[in-house]
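Okay, handing you the structure first.
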Amino acid sequence: MAIVLHEARSMRVTTGLVCLWFAACGPQPRSHPIPIDGDSGSGGSWFDGAVATPCRHIDLVIAVDNSASMRQEKDDLRDVAFPALANAMLNIAGGIDDFRVGVVDGCNTPANFHTNGYINGVSGSCNFVGGEPWMESSSPNLVNEFKCVGDVDSSDMLCTGENDDEQPASAAATALEPLWAGPGKPNEGFMRSNALLVVVAITDEDEDPVPGASAQEVYERLVAIKGDVDKMVFVGIGGNQTCDGLYGHAREAMKLRRITQNFIDEGRGVFWDICQGNIEQGLTQALTTIESACEDFGPIL
């Protein structure tokens, strides 16, 4: 694995979206048959003859702890993991129509999607081709957009640095709620009713909501945004214990792990231990859950 990882990093996704780390780049196998014509697949009825189909769209929110200790993780995400994830996602459930990606800082004041990054060390606009404050899978410049916004420019953030910038799950929720995604708000139009919602929360410390909230409360807040836990997936990436791992020091992410466990209990969550490094492998595991959730998305009425 170390040799493969070295080779993957050396490529740095220079010629377009490449497919690394994932089991396949072509259509993924279905995990179970889709019930049609009143057949639930288990002897029960479906929705009065409605036909169940996989999702055709995915809305992905990536919330990243942007503290100084996250430098190595951010480099890996920017240069390897997220560009490869972008390529693989188009093949979910045999091929979706599109996906979009909003990136938010682990600080939720403000909770606007980031459109600026660092190019050659200089802060500036990432110039998303779609003209929105999020990236679209149709962009011919998607890899460079990822690389730009992956170096999150937090110059507009109002957090103090006293743990309030390490609440990625809560920041993702804030970014999708009416205060920031309602009519006339910065993130308006991002979340689509016919799209699977995927939230990825990453920190090398722990979810520390401000004001304070329990893991159950953060979970319920996220589910309330979509209204149906079956139509979303949550990926928590944090320390399973305090460690000095491949990315440096990490604290045990107890609350983030508990939030994720609530989704895992519903078949809609994945937790990856950041102490192991190789975030790419965590996202590989997440693809299996995203595939399942997409196939179960619902009927065409």
Side-chain angles (χ1 to χ4, degrees), residues 1 5 21-23 31 58-67 69-70 72-74 76-77 80-82 84-85 88-89 92 101 103-104 106 163 166-173 175-176 196-209 213-223 225-226 229-294 296:
M1 181 59 70
L5 179 59
W21 303 109
F22 305 106
S31 58
I58 294 177
D59 299 336
L60 171 63
V61 177
I62 301 168
V64 183
D65 167 6
N66 197 36
S67 57
S69 62
M70 286 285 292
Q72 290 173 288
E73 291 92 336
K74 286 173 56 184
D76 190 16
L77 293 167
V80 180
F82 286 149
L85 175 66
M89 280 180 56
I92 290 291
V101 187
V103 175
V104 65
N163 293 327
E166 290 153 349
Q167 45 180 330
S170 300
L176 295 170
L196 179 73
L197 174 63
V198 179
V199 175
V200 179
I202 308 169
T203 180
D204 64 352
E205 295 202 27
D206 196 8
E207 179 74 18
D208 195 4
S214 68
Q216 181 67 30
E217 289 170 331
V218 175
Y219 164 76
E220 291 175 353
R221 183 182 177 192
L222 286 161
V223 172
I225 290 166
K226 192 63 180 177
V229 70
D230 285 342
K231 297 187 183 301
M232 62 186 302
V233 171
F234 183 85
V235 183
I237 300 177
N240 200 42
Q241 62 280 315
T242 297
C243 70
D244 290 307
L246 292 181
Y247 297 129
H249 186 74
R251 285 176 45 200
E252 182 179 7
M254 294 179 63
K255 182 165 286 186
L256 180 61
R257 198 169 64 237
R258 289 170 181 157
I259 294 166
T260 310
Q261 187 62 50
N262 283 327
F263 284 97
I264 292 173
D265 290 344
E266 299 293 336
R268 294 293 181 264
V270 174
F271 185 83
W272 179 254
D273 182 7
I274 206 168
C275 295
Q276 299 181 53
N278 302 333
I279 292 175
E280 303 91 319
Q281 295 183 36
L283 295 177
T284 299
Q285 292 186 12
L287 282 172
T288 301
T289 301
I290 294 169
E291 167 86 6
S292 177
C294 186
D296 292 342

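Source: prediction; values computed, not measured. Atoms considered below: every heavy atom in the structure, side chains included; atoms not considered: hydrogens, waters and symmetry mates.
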Do Phe271 and Gln261 come close enough that some side-chain heavy atom pair is under 4.5 Å?
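No, side chains not in contact.
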Under 4.0 Å between a side-chain nitrogen and a carboxylate oxygen: does that hold for Asp273 and Arg257?
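No, no charged N to carboxylate O under 4.0 Å.
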Please find the pair of heavy atoms, one from Ala250 and one from Cys275, that lie closest to each other, and give the distance.
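Closest approach of Ala250 to Cys275, heavy atoms only: CB-SG, 4.4 Å.
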Considering all heavy atoms of both residues, which atom of Val235 and which atom of Ala286 are nearest to each other, and what is their separation?
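What the structure gives for the nearest pair is CG2-CB, 3.7 Å.
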Under the side-chain hydrogen bond (donor to acceptor under 3.5 Å, both in side chains) criterion, do Glu266 and Asn262 qualify, and how do the steps go?
CA-CA 7 Å; Glu266 299 293 336; Asn262 283 327; over 6 Å; no
Heavy atoms, side chains only, cut-off 4.5 Å: are Val200 and Leu60 in contact?
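They are in side-chain contact.
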Under the side-chain contact (heavy atoms from CB on, under 4.5 Å) test, which residues partner Ala172, sequence neighbours left out?
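Per chain and number, Ala172 pairs via side-chain contact (heavy atoms from CB on, under 4.5 Å) with Val61, Ala63, Val199.
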Any sub-3.5 Å donor-acceptor pair from Lys255's side-chain atoms to Ala213's backbone N or O?
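Checked: pair present.
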Rounded distance [0.5 Å steps], CG in Asp65 versus CD1 in Ile274
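The distance works out to 8.5 Å.
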Mind checking whether Ile62 and Val104 have side chains closer than 4.5 Å, heavy atoms only?
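No, side chains not in contact.
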Backbone N/O of Thr288 and side chain of Ser292: donor-acceptor pair under 3.5 Å:
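Not confirmed, Ser292 side chain does not pair with Thr288 backbone.
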Quick one: do Glu280 and Leu283 satisfy side-chain contact (heavy atoms from CB on, under 4.5 Å)? Show the steps, please.
CA-CA 5 Å; Glu280 303 91 319; Leu283 295 177; 5.9 Å; no
Applying side-chain contact (heavy atoms from CB on, under 4.5 Å), name anything that partners Ser214, two or more places apart in sequence or on another chain.
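Per chain and number, Ser214 pairs via side-chain contact (heavy atoms from CB on, under 4.5 Å) with Gln216, Glu217.
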When you measure from the side chain of Glu207 to the backbone N and O of Ser170, does any donor-acceptor pair fall under 3.5 Å?
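A pair under 3.5 Å: yes.
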Applying side-chain contact (heavy atoms from CB on, under 4.5 Å), can you list everything that pairs with Arg258, at least two apart in sequence or on another chain?
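Expected list: Ala215, Met254.
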Does any N or O in the side chain of Thr242 come within less than 3.5 Å of the main-chain N or O of Glu252, such that one atom is a donor and the other an acceptor?
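Yes; at least one donor-acceptor contact below 3.5 Å.
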Under 4.5 Å between any side-chain heavy atoms of Val223 and Phe263, yes or no?
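Sidechains of Phe263 and Val223: in contact.
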Measure the NZ-NZ distance between Lys226 and Lys231 for me, rounded to the nearest 0.5 Å.
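Interatomic distance, Lys226 NZ to Lys231 NZ, rounded to 0.5 Å: 7.5 Å.
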Please tell me if the side chains of Arg268 and Asp296 come closer than 4.5 Å, counting only heavy atoms from C-beta onward.
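The answer is yes; the side chains approach within 4.5 Å.
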Side chains of Phe234 and Leu256: does their closest heavy-atom pair fall under 4.5 Å?
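Yes - at least one pair of side-chain heavy atoms lies under 4.5 Å apart.
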Once you round to the nearest 0.5 Å, how far does CG of Asp76 lie from CD1 of Ile279?
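Here the rounded value is 5.5 Å.
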Less than 4.5 Å apart, side chain to side chain, heavy atoms only: is that true for Asp59 and Leu196?
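No, side chains not in contact.
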Closest approach of Val233 and Ala293, non-hydrogen atoms and distance?
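What the structure gives for the nearest pair is CG2-CB, 3.6 Å.
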Within this structure, what is the CG-CD1 distance for the pair Leu222 and Ile259, rounded to the nearest 0.5 Å?
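Between atom CG of Leu222 and atom CD1 of Ile259 there are 7.0 Å.
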Quick check: closest heavy atoms across Thr260 and Gly236, and the distance to 0.1 Å?
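Nearest heavy atoms, Thr260 then Gly236: OG1-CA, 3.6 Å.
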Taking the side chain as everything from C-beta on, heavy atoms only, tell me whether Val218 gets closer than 4.5 Å to Pro209.
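Answer yes - side chains close enough.
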May I ask you to decide if Gly277's main-chain N or O and Trp272's side chain share a donor-acceptor pair within less than 3.5 Å?
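Yes; at least one donor-acceptor contact below 3.5 Å.
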Does the Tyr247 side chain pair with the main chain of Asp204, one donor and one acceptor, at a distance under 3.5 Å?
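No, because the side chain of Tyr247 does not come within donor-acceptor range (under 3.5 Å) of the backbone of Asp204.
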